[in-house]
Amino acid sequence: MNESEFIRSLQERAKEQHQLLEDMPLPHLFALVTTWLSDHPWRYLIPLALLITLIARNLLGHNFTELVLKVFYHL
């Protein structure tokens, strides 16, 4: 494969990916989220998980711990 064929195949793949993105529901939201998470996903996901855990623990109380134990017990 020479350089021009390689560039042509890259352009075709880019067109396919662009078409897939356009066919998705809410493509702009998907593009925003993927670019937002692509740099350092753990910088956002770990605090988000902590926040969700704290909210669930406040809403469910002791039942939250039991729920988590049941989920991991049945795996």
Side-chain angles (χ1 to χ4, degrees):
M1 177 184 293
N2 60 23
E3 185 178 348
S4 63
E5 291 175 359
F6 179 71
I7 291 173
R8 189 177 314 119
S9 68
L10 285 178
Q11 288 174 341
E12 289 175 9
R13 287 183 185 178
K15 287 179 186 177
E16 291 172 2
Q17 288 180 350
H18 181 70
Q19 185 61 37
L20 285 173
L21 184 63
E22 290 298 321
D23 291 343
M24 292 180 62
L26 304 172
H28 299 291
L29 178 65
F30 178 75
L32 177 69
V33 169
T34 54
T35 55
W36 185 58
L37 289 176
S38 65
D39 292 332
H40 301 286
W42 301 117
R43 188 180 295 173
Y44 305 108
L45 295 178
I46 291 174
L48 180 64
L50 180 64
L51 182 65
I52 290 172
T53 302
L54 290 174
I55 291 171
R57 185 176 285 276
N58 283 336
L59 291 176
L60 299 174
H62 183 68
N63 292 334
F64 176 73
T65 305
E66 296 297 322
L67 177 68
V68 171
L69 290 174
K70 285 180 184 177
V71 167
F72 285 106
Y73 179 73
H74 291 293
L75 289 178

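Please read these numbers as outputs of a predicted model, since none were measured by experiment.
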Greater than 12 external heavy atoms within 6.0 Å of Glu5's CD: yes
Heavy-atom check, side chain of Leu20 versus side chain of Glu16, under 4.5 Å: no
Close side-chain approach of Ile52 to Leu48, heavy-atom, < 4.5 Å: yes
Side chain to side chain contact (heavy atoms under 4.5 Å, CB included) between Leu51 and Ile55, intermediate numbers included: CA-CA 6 Å; Leu51 182 65; Ile55 291 171; 4.0 Å; yes
Criterion side chain to side chain contact (heavy atoms under 4.5 Å, CB included) on Phe64 and Leu59, from CA distance to verdict: CA-CA 8 Å; Phe64 176 73; Leu59 291 176; over 6 Å; no
Arg57 side, atom CZ; His62 side, atom NE2 - distance, nearest 0.5 Å: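 Reported to 0.5 Å precision, the distance equals 9.5 Å.
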With Thr65, the side-chain contact (heavy atoms from CB on, under 4.5 Å) member among Leu67, Asn63, Val68, Leu69: Leu69
